[in-house]
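Here's the structure we're looking at; comments come further down.
Not measured: the values here are computed from a predicted model.
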Amino acid sequence: MAVVESILDIPVQDPAEEEFCWADLTWTKFRTSDREDDVALIPYERVDAFIIGECSNIECPTRYWCSFGPENYGEGGGILPSRRYRLNTRNRAARPQSMRGCKCHFVVKRLYARPSLALLVYNDNDRRHVNDSGFVCHGPLDRDAIGPGAKKIPYICNEIQQQTMSMIYLGIPEENVLEKHIEGIQRYCGSNAKVNSLASQYVHKLGMIIRRSTHELDLDDHASIQMWVERNRKSIFFYQDTSEADSFILGIQTEWQLQQMIRFGHRSLIAADSTFGIKRLKASTSLCTFFLAIEKLLERIFMLLFVVLQYPLSTLLVFDSRQHALPVAWVITRSFAKLDVSKWMKALFGRARSVEPGWKVSGDIFGCPVLFSLWRVRRSWLRNIVRKCSNIEVQREIFKRLGKIVYSIWGGVDTLAALEELAQDFVDQTAFMEYFKASWVPKIEMWLSTIRTLPLASQEASGAIEAYHVKLKAKLFDDSHLGALQRVDWLVHKLTTELHSSYWLDRYADESDSFQNVKEEYIASTSWHRALQIPDSAVTLDDQEQLFAKVLSQKDSSLTRLVWNPGSEFAFCDCAWSIQGNLCKHVIKVNMLCANHQSYQPSMSFQSFKEILMNLWRKPMDDSVSLDLSVAWTHQMLDQLQKLVEITGSSDIGTVVNNLPLKWVSKKGRTNVGKRSPTLALPSSSKGMQTAAVRKKNRKRKRLSRLRYSMS
């Protein structure tokens, strides 16, 4: 087998077969400074064909990681041994469907400089299904597999298993689940009556297990949570039990969520939504939405949460390929102290870096910019205005006046005077004014200061967070489970089963172009995407007084929606979705068009961005160092924006990469004529270490002697 040290020396292979496996490729040993791997280079568009071919391999079916490796954390957390005897169970397989320490796995890497190619890497130079001891640990070549049924069980990869589980959790009829399950299996092992029969038994048995599962592992909620933690170690990134000195913290993240966080969160935004939304729940939380913050601002941001009861639920969200909010971690805790928040944030960051060492979030986990979302504030004000004011004209005017107060944060307007004027003008609206004075006036300066200080998130991001909030409520607020609402284990069970399965199926349907009804609902789940379906011709703006806009309904041409105060985040629409306090598609569509008209005020997120640029641009008074610092920061930010726009608008990322400037590495990492310096090699023994130290000392003496000679 040829050995190369440069990817450029690896030939590109494109087998003629529709589906191919490792046996159809010529493998090359790729040598790096610390290891050697078997690699092959194929077109990126043929990756799926290779994966299907590997999964169809009768002797060693593999999809990235073998489904029997590398370990199994059951109760107690130990690795299950490979047994040599037959259990008296109804399981047709000679061994349980669990991981057996199999090391066989491969990696697919898309080349950054050559995105049309993919590098296949088989780690450990071994394509056999063996464990650390070198023994075949499962499959038809496993001599310890007792019974004839072990070689006839159809291969079920993690993707098929997760698909089947998700459909069952979401209540899809069993016959439809079985149909999709068989379609998935037939991609790897063909179709026959035996396979269909075993698949039917598998789906039926899995459905029974899921339907009989319960959140109550113990009558005591605390004991039940501890049992769940022991059984699901791989889905936990941080756990701290309650004690006199520590607060309860449970950080949940499945392996799929970790993959999505690494994929969509790298050098991008991660949003944090702390909400449970209903006061009768034990785990109720707050009314603040914020983006992942730096450590110094964590305590300040969390102090904005003001409806905290027992165990708040915080969700970390990334924005996927359609800019939808995707939950990648859940944290259940009632402690918002900076020390406790730093614990689970560092644990989450460390988990991502353990899989992808270069992963970071727009700078660093504690150094990324903070953005504030107005969605919670807007929603709370609008809902209470509609509930406590019966006249729709009064509702519109109060909401508009509140929006003007928020918009005036950059105009130097006296906030207290504006609030006093608002109270006098609507003195007859007793119910709302009493609520506003009690809940908001004492904290209004803090809220407005935060809005003025932090950059503001866009309406698209707010709409994505709102869509997650809506789905969260739909899954959790089921009146049939009112008796379980006071238990934390019920919340954990709901998050990790129904909600997780719903998002997994949404992403799978979109990427595989299957489950068309699920895909359509997923795409249209945000108000932003629903607004994009409204044509510009359906919107009529009042260009004279700019009081309102009309939006023609796409479902009923005889129906027209009125949007008052167009061009503002505090626009008011008369549709049912907006009346509930949500950000409706009509408001977003109208604001999209108003952004192109200079006569309308720009959005708050744009004004916030403009204010940040102006602060950087302003010349400091009699302070040349501050001026230099402002210029440096402005130049760096503009350079990053230019690169981002270039990458986003380019159809060939390879061209962009070739135009990037050279980046010098440290002196120790440089090479000499393609070979590393011999001083970088670690000595193999203590004697070698002593020899290296003596050589270093001698070199120092020679340099000193030369220096004395030159001075003399």
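Here CG of L117 is found 5.0 Å from CG of L41. Values are rounded to the nearest 0.5 Å. In this structure, E174 CD and E179 CD are separated by 13.0 Å, a value rounded to the nearest 0.5 Å. Atoms OH and CD1, from Y202 and I182 in turn, are 13.0 Å apart once rounded to the nearest 0.5 Å. Interatomic distance, OG1 of T254 versus CD1 of I236, reported as 12.0 Å (0.5 Å rounding). If you take CD on E466 and CH2 on W528, they are separated by 13.5 Å, rounding to the nearest 0.5 Å. The CE atom of M167 sits 11.5 Å away from the CD1 atom of I210 when rounded to the nearest 0.5 Å.
When all heavy atoms of S501 and Y169 are compared, the closest pair comes out as OG-CD1, 3.3 Å. The two atoms that bring K234 and R351 nearest to each other are O-NH2, 2.7 Å, heavy atoms only. The nearest pair of heavy atoms linking V518 to A509 is CG1-CB, 4.1 Å. Closest non-hydrogen pair, Q253 versus L348, comes out as NE2-CD1, 3.5 Å.
Taking 4.5 Å as the limit, every side-chain heavy atom of K475 sits out of range of all side-chain heavy atoms of K494. Side-chain contact check for T26 versus Q13: some heavy-atom pair is nearer than 4.5 Å. The shortest side-chain heavy-atom distance between W504 and M165 does not fall under the 4.5 Å cut-off. The side-chain heavy atoms of L269 and L317, taken from C-beta on, include no pair separated by under 4.5 Å. At a threshold of 4.5 Å between non-hydrogen side-chain atoms, the residues V12 and R114 count as touching. Considering only heavy atoms from C-beta on, R46 comes within 4.5 Å of F20 through its side chain. Looking only at side-chain heavy atoms (C-beta outward), L120 and W27 come within less than 4.5 Å of each other. A heavy-atom distance below 4.5 Å is found between the side chains of I7 and F30.
Partners of T164 according to the side chain to side chain donor-acceptor pair (under 3.5 Å) rule, which considers only residues two or more places apart in sequence or in another chain, are H181. The side chain to side chain contact (heavy atoms under 4.5 Å, CB included) search around E511 returns R263, R507, not counting sequence neighbours. Scanning for side chain to side chain donor-acceptor pair (under 3.5 Å) contacts around S213 gives an empty result, with sequence neighbours left out. By the side chain to side chain donor-acceptor pair (under 3.5 Å) test, W330 is found to be paired with Y468, residues two or more places apart in sequence or in another chain being considered. Take Y503 and apply the ring pair (Phe, Tyr, Trp, His ring centres under 6.0 Å) test, not counting sequence neighbours, and it matches no residue. For A118, the side chain to side chain contact (heavy atoms under 4.5 Å, CB included) test picks out I42, Y44, V47, V108, with sequence neighbours left out. For E356, the side chain to side chain contact (heavy atoms under 4.5 Å, CB included) partners two or more places apart in sequence, or in a different chain, are I262, W359. D9 is linked by a salt bridge (charged side-chain N to carboxylate O under 4.0 Å, His left out) to nothing, counting only residues two or more places apart in sequence or in another chain. Among residues two or more places apart in sequence or in another chain, the side chain to side chain donor-acceptor pair (under 3.5 Å) test is passed with S166 by Q162. Scanning for ring pair (Phe, Tyr, Trp, His ring centres under 6.0 Å) contacts around H324 gives Y522, H529, with sequence neighbours left out. Listed by chain and residue number, L178 satisfy the side chain to side chain contact (heavy atoms under 4.5 Å, CB included) test with S200 (two or more places apart in sequence, or in another chain).
Applying the salt bridge (charged side-chain N to carboxylate O under 4.0 Å, His left out) definition to pairs two or more places apart or across chains, those involving residues 516-527 are D513-K519.
Under a 3.5 Å cut-off, the side chain of N196 and the backbone N or O of A193 do not form any donor-acceptor pair. Proximity of a side-chain donor or acceptor of R322 to a complementary backbone N or O of D510 within less than 3.5 Å is not detected.
Between H493 and W228, the distance separating the two ring centers is not shorter than 6.0 angstrom.
Using a 3.5 Å distance cut-off with no hydrogens or angles, the side chains of K471 and S502 do pair a donor with an acceptor. In this structure, a donor-acceptor pair under 3.5 Å is present between the side chains of S527 and R530.
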Test log, rule side-chain contact (heavy atoms from CB on, under 4.5 Å), inputs H469 and I465
CA-CA 6 Å; H469 178 77; I465 296 174; 5.6 Å; no
Determine, stepwise, if the pair F50 / L25 fulfils side-chain contact (heavy atoms from CB on, under 4.5 Å).
CA-CA 10 Å; F50 174 75; L25 298 172; 4.0 Å; yes
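By the neighbour-count criterion of 12 heavy atoms within 6.0 Å, atom CD of Q516 is densely surrounded, having more than that number from other residues, nucleotides or ligands.
Using a 4.0 Å cut-off between charged nitrogen and carboxylate oxygen, K29 and D38 count as a salt-bridge pair.
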